Amino acid sequence: MKQSRVMSLMESLANVVVGYGVAVVTQLVVFPLFGLHTTLAANLMMGAVFTLVSVVRSYGLRRLFEHLRERRALTGGDRVGT
């Protein structure tokens, strides 16, 4: 069954929302280990930027692979041994 663009976006967003929380916590723990000291607000903003990039990347890759899947199906490339 084909996944719609909206569902692709929803899946990507759900994945990234969870990742955002993990990223911010990781930044709070790891940055000081490298001598980087930022405020919570700065960590939240950096997390937001990385989250936006991640959503665009994830959505774009999902659509690319869906396009490739559709193209392969049209050319008969889904047959065994092809």
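Just so you know, these numbers come straight off a predicted model, no measurement behind them.
- Between the side chain of Ser8 and the backbone N or O of Ser4 there is at least one donor-acceptor pair closer than 3.5 Å.
- Across all their heavy atoms, Gly35 and His37 have their closest contact at O-CD2, 3.5 Å.
- Ion pairing of Glu66 with Arg69 is present here, as a side-chain N (NZ or NE/NH1/NH2) and a carboxylate O approach within less than 4.0 Å.
- Between Leu64 and Tyr59, the closest side-chain pair of non-hydrogen atoms is not below 4.5 Å.
- Within the structure, salt bridge (charged side-chain N to carboxylate O under 4.0 Å, His left out) pairs that include any residue of residues 4-17 comprise Glu11-Arg62 (at least two apart or interchain).
- Judged by distance alone, with hydrogens and angles left aside, the side-chain atoms of Tyr20 form a donor-acceptor pair with the main-chain N or O of Leu44 at under 3.5 Å.
- The salt bridge (charged side-chain N to carboxylate O under 4.0 Å, His left out) pairs that include a residue from residues 27-40 number zero, where partners must be two or more places apart or lie in different chains.
- Atom-to-atom distance recorded for Gln3:CD and Leu9:CG is 10.0 Å, nearest 0.5 angstrom.
- Leu28 and Phe34 fall into different hydrophobic clusters, where Ile, Leu, Val, Met, Phe, Trp and Tyr residues are linked whenever their side-chain heavy atoms come under 4.5 Å apart, directly or through other members.
- Contact annotation: the side chain of Phe31 never approaches that of Thr26 to less than 4.5 Å [non-hydrogen atoms, C-beta and beyond].
- Within the model, atoms CG of Asn15 and OG of Ser54 stand 6.5 Å from one another, a figure rounded to the nearest 0.5 Å.
- Annotation: side chain of Phe50 is in contact with side chain of Gln27 (closest heavy-atom distance under 4.5 Å).
- Within the model, atoms CZ of Arg57 and CG of Leu52 stand 11.5 Å from one another, a figure rounded to the nearest 0.5 Å.
- Put simply, the side chain of Met46 does not reach to within 4.5 Å of the side chain of Val24, judged on heavy atoms.
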